[in-house]
Amino acid sequence: MDFLNVWWVYVIVSIIFLYVLAQSTVFLLQARKRALSLNFTKEQIRKTIISSMIFSIAPSLAILFGLVILTKIFGPMVAGLRLGTLGALTYELPAATNVIKGVYNVDIGSSLITPDMIVTALWVMTLGCIPPLLIVPLFLKKISKRFEQMKEKDSTWKNIMMDALFLGMISAFVGYVVAPVTNETTGETYISLLAILVLLTSGVLIIVFGFIIKKYKQEWLKNYALPLSMIASMALALVYALLGVR
């Protein structure tokens, strides 16, 4: 897998990162200019920028954990490119797993992974990201209009559909947790109680954070609930493993 760390990979990734940073800088300067034209003070703008930077730290931890996981498959540069620009762990990891495990029947992180598996997984992940980029600018207005029409006819139907879509997405990820796992060393197949317990723990933590936000009006916690639940669940996963849960 040395091709993932050759010089031209670093050059390509660096060019893309520089483009993203330049784009972000341009939009930041334009936003500042627009804020000044709307009579916001420089002090207000400065406080807004600083608070936004602070509140972005905790959510970024979730991306950092995803980067560590994807690095085992694609190396640090390609994994950083995927998660630092367009990708999300909730999509990237299942897509890569479906290709490597489903098509080639090789486990993630295995020494049997070959360059053609990596390239195929990257193509699947990349092509899978394209439809949303086309759907949002071309069809979002029409889709939103249809939703509003449905809401006018029956306000409950829109909520039911959105809840159904959300539950369907969650169910797809739950499948990875409850699916049988095969130990590469012993060949034993079993259902991971550790994975299920960590899933339940993270769910309970999110409920607790939601209760705190709603009951005690701690709105600032909204940006931290997900990464904090992930960090706590991962820490507790180590505790569960030390207790013998697998």
Side-chain angles (χ1 to χ4, degrees), residues 10-71 76-93 125-126 129-145 147-148 151 158-159 162 165-166 169 202 205-235:
Y10 283 80
V11 171
I12 293 174
V13 173
S14 298
I15 291 173
I16 295 174
F17 272 132
L18 288 174
Y19 172 78
V20 172
L21 290 173
Q23 186 183 51
S24 302
T25 303
V26 169
F27 277 102
L28 175 62
L29 295 176
Q30 289 182 343
R32 184 179 183 277
K33 182 178 179 181
R34 177 60 176 164
L36 290 173
S37 68
L38 294 174
N39 297 322
F40 285 92
T41 65
K42 292 183 178 180
E43 182 64 19
Q44 288 176 317
I45 297 173
R46 185 184 68 82
K47 288 183 177 180
T48 301
I49 294 174
I50 293 175
S51 63
S52 298
M53 291 172 59
I54 294 173
F55 275 100
S56 67
I57 294 174
S60 298
L61 293 176
I63 301 176
L64 178 61
F65 291 134
L67 176 63
V68 173
I69 297 173
L70 283 183
T71 297
M77 295 304 295
V78 176
L81 173 65
R82 296 297 311 183
L83 294 180
T85 54
L86 184 62
L89 181 63
T90 52
Y91 162 74
E92 303 289 323
L93 186 58
M125 293 156 64
T126 302
C129 287
I130 293 177
L133 297 177
L134 299 177
I135 291 173
V136 171
L138 298 178
F139 303 105
L140 180 60
K141 185 179 292 187
K142 293 182 180 179
I143 294 174
S144 300
K145 186 177 181 180
F147 271 117
E148 291 301 323
K151 185 177 180 180
K158 180 182 178 181
N159 294 331
M162 295 306 297
L165 290 172
F166 177 76
M169 180 184 68
S202 62
L205 289 173
I206 281 291
I207 293 173
V208 171
F209 287 135
F211 174 78
I212 294 173
I213 293 170
K214 186 175 182 180
K215 180 70 174 179
Y216 299 101
K217 309 299 181 183
Q218 301 295 320
E219 297 296 323
W220 63 271
L221 193 55
K222 287 183 177 180
N223 292 320
Y224 290 85
L226 178 60
L228 286 177
S229 65
M230 289 181 65
I231 295 171
S233 298
M234 290 180 179

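Computation of the quantities below employed the complete heavy-atom set of this structure, encompassing side-chain atoms and omitting hydrogens, waters and symmetry-equivalent molecules.
With sequence neighbours excluded, no residue satisfies side-chain contact (heavy atoms from CB on, under 4.5 Å) with Pro132. Taking Val136 as the reference, Leu140 meet the side-chain contact (heavy atoms from CB on, under 4.5 Å) condition, with sequence neighbours excluded. For Glu43, the side-chain hydrogen bond (donor to acceptor under 3.5 Å, both in side chains) criterion is met by Arg46, not counting sequence neighbours. With sequence neighbours left out, Ser202 forms a side-chain contact (heavy atoms from CB on, under 4.5 Å) with Leu199, Ser233. Considering only residues two or more places apart in sequence or on other chains, Lys222 meets the side-chain hydrogen bond (donor to acceptor under 3.5 Å, both in side chains) condition with Glu219. Contacts of Gln30 classified as side-chain hydrogen bond (donor to acceptor under 3.5 Å, both in side chains), with partners at least two apart in sequence or in another chain: none. Remark: Thr126 pairs with Arg82 by the side-chain contact (heavy atoms from CB on, under 4.5 Å) rule, at least two apart or across chains. Ser14 meets the side-chain hydrogen bond (donor to acceptor under 3.5 Å, both in side chains) test with no other residue; sequence neighbours excluded.
Evaluation of the side chain to side chain donor-acceptor pair (under 3.5 Å) test over residues 31-42, restricted to residues two or more places apart or in two chains, returns Thr41-Gln44.
For the atom pair Leu221 CG and Leu228 CG, the distance stands at 6.5 Å (nearest 0.5 Å).
Taking a 6.0 Å sphere around CZ of Phe40, one finds it holds 12 or fewer heavy atoms contributed by other residues, nucleotides or ligands.
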Practice problem: Apply side-chain contact (heavy atoms from CB on, under 4.5 Å) to the pair Ile135 and Ile143, showing each step before the final yes or no. | Solution: CA-CA 9 Å; Ile135 291 173; Ile143 294 174; 4.1 Å; yes
Residues 15-26, side-chain donor-acceptor partners within the protein, below 3.5 Å, at least two apart:
from: Ser24; atom 1: OG; to: Val20; atom 2: O; distance (Å): 2.9
from: Thr25; atom 1: OG1; to: Leu21; atom 2: O; distance (Å): 2.8

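The two residues Leu205 and Ser229 make their nearest non-hydrogen contact at CD1-O, 3.8 Å. Contact record, Leu83 with Leu67: CD1-N, 3.2 Å, taken as the closest heavy-atom pair. Between Ala35 and Ile45, the shortest heavy-atom distance links the atoms CB-CD1, 3.7 Å. The minimum heavy-atom distance linking Ile206 with Ala225 is given by the pair CD1-O, 3.9 Å.
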